[in-house]
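Notes follow once the structure below has been shown.
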Amino acid sequence: MVIIEDILRRALLAAVERFGVFEEDVEIELEKPREAGHGDLSSNLALMLGGRLKRKPRELAGEIAAALELPRDIIESVEIAGPGFINFRISRSHQIERLLSLADPHGALEAIRTGGGKRINVEFISANPTGPLNVVSARAGAFGMTLTRLLDAIGFDAHAEYYVNDAGRQIKLLGRSLRAHYLQLLGEKVEFPENGYKGRYLEIMAAELLAQDSKAIRDAGAAFDDESFQRIELPCGDAKDWKDLPEEESVGCFAKYALMKILGWQRETCRRFGLRFETWYFESELHETRRIERALEKLRKQGAVYEAEDAVWFRSTDFGDEKDRVLVRADGMPTYFLADIAYHYHKFQRGFEHAIDFWGPDHHGYIPRMQGAMQALGVPEGWLEIQILQQVTFIEDGRVLDMSKRKGQFVTMDALMDEVGADVAKFLFLMRKPNSHLDFDLDLARQQSDVNPVLKVKYAHARACSLLRIAAERGIEVGDPTPGSLAHLEDESAWAVVRELVRLPQVIVSAAASREPHRLAGYALEIATLFNQFYNQVKRILDQEPERRLALLHLTVMTRFVLRKVGELIGVDMPEAMEKRD
RNA sequence: GCGCCCGUAGCUCAGUUGGAUAGAGCAGCGGACUUCUAAUCCGCAGGCCGCAGGUUCGAAUCCUGCCGGGCGCGCCA
């Protein structure tokens, strides 16, 4: 498979040598012009050299173009345009070759697998297990999962991971909150814990607990007997036994139960949203394996730690942070920060060559101290990459929804999926670039109508399927596309589809490299639009004379192929048929 | 006050990493279904790309300063 950009780059370099310009002097850029009339690829070389050589760019472009030696079977034409662009048009036969290469197991999609199987850890969502997954996590889920698949597509071995904060204060608070709800149901006078979790889900959980005996609880826990959830453990007996234990112990029992239930919800929600985590990493494991102490010890050995005011501090100012940070509180408890250091260090020790974390915008101030800790531990610079996903604001009835879990007023991911469906939600999140704030209007998303662009993509795929199905019903032999069959492709609208389809490998590479999975959503929409335009323009494809018809059907086969590929990457189902809307 | 992100059509957002005449969907107006799925397509209208400077052949994109919005600045997680 020849890479056309390489051919052009070499030819351009050879052509400018006569002006005393060599490889090390200039970077040759080739890009696809916005306007189809400007050709398939464009170089701004003459514009860049014009000033340096004190020449008029347009004249220079002409001289460069005249000196180019290019294979005519691949490059059909070279034109000078505008202020001095050199535009290249790729021959149809080569475009067809590029198109067919997409479906070839050794073709263009194989050529981009340059990652060499390097293991990359991608961590996202990692919500506290104190309530159902908030809809804010849906954006992280859509992005993280798509990036994981993109990295696999370019030859890495990407590994999706979820960190479970099942230790520490908030779990105790969760236990206390559930216990309070439970005792209230029994008519006992109890004070609800300050800052406790007030969501209705805990009231419901308490009511459920009232009816559950120890066997039912054990059975519920048995659902977690798979690899990633070995750490779920349940208290003995049932709630009637727990409530009379000494308070500390009692709270622990309720906490364990709540944790089991909530992780069950979260796991189910993720599954429903199409998220597959290879690892659910439990914070409690860090405590048990003494990794937290060991990390602290290692930091101490590096001289990055000191004691003051009864607490243990990390010298994060040495690493560019604005102040030093506490690792162990005056009461002897490790901070969340220290646990997080131990967690990431263990991630490094587990053999990942690179790690990507998706964090919310409220954690951005946390980056310098985390990177500082990694540096102090001797982790190579750049090993940990932190991507900030900007905030989502949900709007309902024109009002902004407060998503605080403590107050219990939030929209769950499940509610979102109930109302708009997982695919619609995923696509809407994936359409936006990661570092822009996003207003999500629930009322708009609910309308199963034209505001849902994902339907347009699905519809285009279903249309392609339907066309091929009817062709088969009429006994038209379609088979696999070949250079010979596609050589009869004449319609301009069909070629517009081809030019977009062949971009697939490049779109995958750039989306993965820039960590901007949203480009895939835009690409899918572009293909759907072009395919629909083509479909409307050609009309009655099956009634065309056989050679033209076969070419059009083979283009349809390739369109279906690309839409499916993109659908797999963004986790959106591409249906064979859509229900007719009246 | 300091740090990060954002400011593009009435609304929600793209803009291929500095390119040629700034795009799409929705909303508005006008067209196209005896036809392989009209959840589609075609056309019209809509813009000081927050403002002001700078960098250069060339800026929505990079730099500086303002203005406006969001988030963060705990021995919380």
Side-chain angles (χ1 to χ4, degrees), chain A residues 29 31-35 37-38 42 44 46-52 56-58 81-85 87 128 130 165 168-170 195 283 309-313 322-323 325-331 333-337 339-340 360-368 388 390-391 393 395 428 431-441 444 447-456 458-460 462-463 465-471 473-474 503 506-507 510-511 514 516 518-519 521-523 525-526 528-529 531-537 539-543 556 577-581:
Chain A
E29 289 166 25
E31 57 188 26
K32 184 197 166 205
R34 209 186 298 271
E35 195 99 8
H38 291 142
S42 178
N44 58 1
L47 289 164
M48 298 205 313
L49 293 180
R52 202 186 306 178
K56 282 186 185 158
R58 214 183 143 100
F85 290 101
N87 295 335
N128 281 338
T130 53
N165 303 126
R169 292 178 174 182
Q170 84 281 2
N195 291 326
E283 182 190 348
E309 299 159 47
D310 297 326
V312 181
W313 297 75
E322 54 196 22
K323 54 174 289 194
R325 309 289 173 175
V326 172
L327 294 170
V328 182
R329 289 190 281 260
D331 63 6
M333 292 284 288
T335 57
Y336 173 88
F337 176 43
D340 218 10
D362 50 338
H363 283 66
H364 97 266
Y366 195 77
I367 295 174
I388 296 292
Q390 287 299 325
Q391 189 189 327
T393 307
I395 297 165
L428 285 173
M431 278 175 62
R432 273 72 176 206
K433 62 182 169 204
N435 58 357
S436 69
H437 304 206
L438 163 55
D439 286 342
F440 196 108
D441 190 323
L444 270 179
Q447 299 169 24
Q448 288 287 320
S449 70
D450 301 337
V451 293
N452 275 322
V454 68
L455 295 176
K456 183 173 179 160
K458 285 170 179 264
Y459 192 86
R463 168 173 276 166
C465 292
S466 155
L467 190 53
L468 294 165
R469 191 169 52 239
I470 289 162
E473 281 165 17
R474 292 201 194 166
R503 288 184 57 227
Q506 178 194 329
V507 170
S510 73
S514 63
E516 292 186 343
H518 78 287
R519 295 184 191 193
Y523 179 65
L525 263 178
E526 190 62 32
T529 300
F531 183 69
N532 282 330
Q533 285 171 351
F534 150 73
Y535 181 89
N536 272 281
Q537 209 144 336
K539 296 224 166 74
R540 295 203 208 184
I541 290 168
L542 297 180
D543 297 337
T556 304
M578 295 290 281
E579 295 218 354
K580 241 182 188 161
R581 185 168 76 168

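These numbers come from the heavy atoms of this one structure, side chains and all, not from hydrogens, waters or symmetry mates. All of these numbers come straight from a predicted model, not from anything done at the bench. The chains referred to below are lettered A, B, ... by the order of the sequence lines, with proteins before strands, and numbering in each begins at 1.
- Residue contacts for A:A577: at a heavy-atom cut-off of 4.0 Å it reaches a base atom on one of the strands shown.
- Residue-level contact check: A:E322 touches the backbone only, with heavy atoms under 4.0 Å from sugar-phosphate atoms and none from bases.
- At a threshold of 4.0 angstrom between heavy atoms, the contacts of A:L525 with the nucleic acid are absent.
- Whole-Å rounding puts the A:Q390 CD to B:rC13 C1' distance at 15 Å.
- Phosphate contact (OP1/OP2 of B:rC42, side-chain N/O of A:Q533, threshold under 4.0 Å): present.
- Backbone-only contact: A:D362 has heavy atoms under 4.0 Å from sugar-phosphate atoms and none from a base.
- Between A:N435 and B:rC6 there is a side-chain N or O to OP1 or OP2 distance below 4.0 Å.
- Going from atom NE2 of A:H363 over to atom C1' of B:rG3 covers 16 Å, rounded to whole Å.
- For the pair A:T335 (side chain) and A:V326 (backbone), a donor-acceptor distance under 3.5 Å is present.
- Nucleotides B:rC67 and B:rA52 have their C1' atoms positioned 11 Å apart, rounded to a whole Å.
- Checking B:rC13, B:rA20, B:rC36 against the side-chain heavy atoms of A:S466 singles out B:rC36 as nearest.
- For the pair A:L467 CG and B:rC36 C1', the computed distance is 6 Å after rounding to whole Å.
- Put simply, A:F85 rests on the base of B:rA20: the two rings are less than 5.5 Å apart at their centres and nearly parallel, under 30°.
- Nucleic acid contact class of A:A460 (heavy atoms, under 4.0 Å, all strands): none.
- For B:rA20, one of the phosphate oxygens OP1 or OP2 lies less than 4.0 angstrom from a side-chain nitrogen or oxygen of A:R34.
- Base engagement by A:R540 is indicated by at least one non-hydrogen atom pair under 4.0 Å involving a base atom.
- A:S466 places no side-chain N or O within 3.5 Å of a backbone atom of A:A462 that could act as its donor or acceptor partner.
- To the nearest whole angstrom, the two C1' atoms, one in B:rG65 and one in B:rG74, are 33 Å apart.
- Evaluation of atom-type donor-acceptor distances gives a pair under 3.5 Å for the side chain of A:S42 against the base of B:rA20.
- Two residues are said to be in side-chain contact when any heavy atoms from C-beta on lie closer than 4.5 Å; A:F85 and A:H38 fail this criterion.
- Among B:rA20, B:rA14, B:rG19, the nucleotide with an atom closest to any side-chain atom of A:L47 is B:rG19.
- Judged by atom type and distance alone, A:N532 does not reach the base of B:rA39 through any side-chain donor-acceptor pair under 3.5 Å.
- If you take atom P in B:rG46 and the same atom in B:rA22, they sit 14 Å apart, rounded to whole Å.
- The side chain of A:N87 lies closest to B:rA20 when the candidates are B:rA39, B:rA20, B:rU35.
- Atom-to-atom, OH of A:Y523 to C1' of B:rC13 comes out at 21 Å; the value is rounded to the nearest Å.
- Computed from coordinates, the A:E35 CD to B:rU21 P distance equals 9 Å when rounded to whole Å.
- Side-chain atoms of A:D439 lie closest to B:rU12 of the nucleotides B:rG19, B:rU12, B:rU17.
- Nucleic acid contact class of A:P361 (heavy atoms, under 4.0 Å, all strands): sugar-phosphate only.
- A side-chain contact (heavy atoms from CB on, under 4.5 Å) with A:P57 is found for exactly one of A:N44, A:L47, A:L49, namely A:L47.
- A donor-acceptor contact under 3.5 angstrom links the side-chain atoms of A:H364 to the base of B:rG3.
- Considering only the side chain of A:V326, B:rC75 comes nearest among B:rC75, B:rA77, B:rG19.
- Across the protein-nucleic acid pair, A:L438 atom CG and B:rC71 atom P stand 15 Å apart, rounded to whole Å.
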Applying the Watson-Crick and G-U criteria (both distances under 3.5 angstrom) with [ ] for crossing and | for other-strand pairs, one obtains for RNA chain B (((((((..((((.....[...)))).(((((.......))))).....(((((..]....))))))))))))....

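- Contacts of A:S436 with the nucleic acid, taken as non-hydrogen atoms under 4.0 Å apart, involve only primed sugar atoms and P, OP1 or OP2.
- Regarding contacts with the backbone of B:rG15, a side-chain N or O of A:K433 is found under 4.0 angstrom from either OP1 or OP2.
- Using a 4.0 Å heavy-atom cutoff across all strands shown, A:Y535 reaches at least one base atom of the nucleic acid.
- Comparing B:rA59 with B:rU64, their C1' atoms sit 15 Å apart, to the nearest whole Å.
- As judged by a 4.0 angstrom heavy-atom cut-off over every strand, A:K323 is placed among residues touching the sugar-phosphate backbone only.
- Summarising the geometry, the separation between CE on A:M431 and P on B:rG23 is reported as 18 Å, rounded to the nearest angstrom.
- Closest approach to the A:Q170 side chain among B:rC41, B:rC36, B:rA77 is made by B:rA77 (side chain taken as heavy atoms from C-beta onward).
- Between A:R329 and B:rA77 there is a side-chain polar atom (N or O) within less than 4.0 angstrom of OP1 or OP2.
- For B:rC41, the OP1/OP2 oxygens have a side-chain nitrogen or oxygen of A:K456 closer than 4.0 Å.
- Considering only side-chain atoms of A:R169, the nucleotide from B:rC76, B:rC13, B:rG70 that sits closest is B:rC76.
- You'll find that the side chain of A:H38 is closest to B:rA20, out of B:rA14, B:rA20, B:rA39.
- Taking atom P on both B:rC51 and B:rG25, the two are 26 Å apart, rounded to the nearest angstrom.
- Contact annotation: side chain of A:H437 to base of B:rC5, donor-acceptor pair present below 3.5 Å.
- A:N195 has its CG atom 12 Å from the C1' atom of B:rA77, to the nearest Å.
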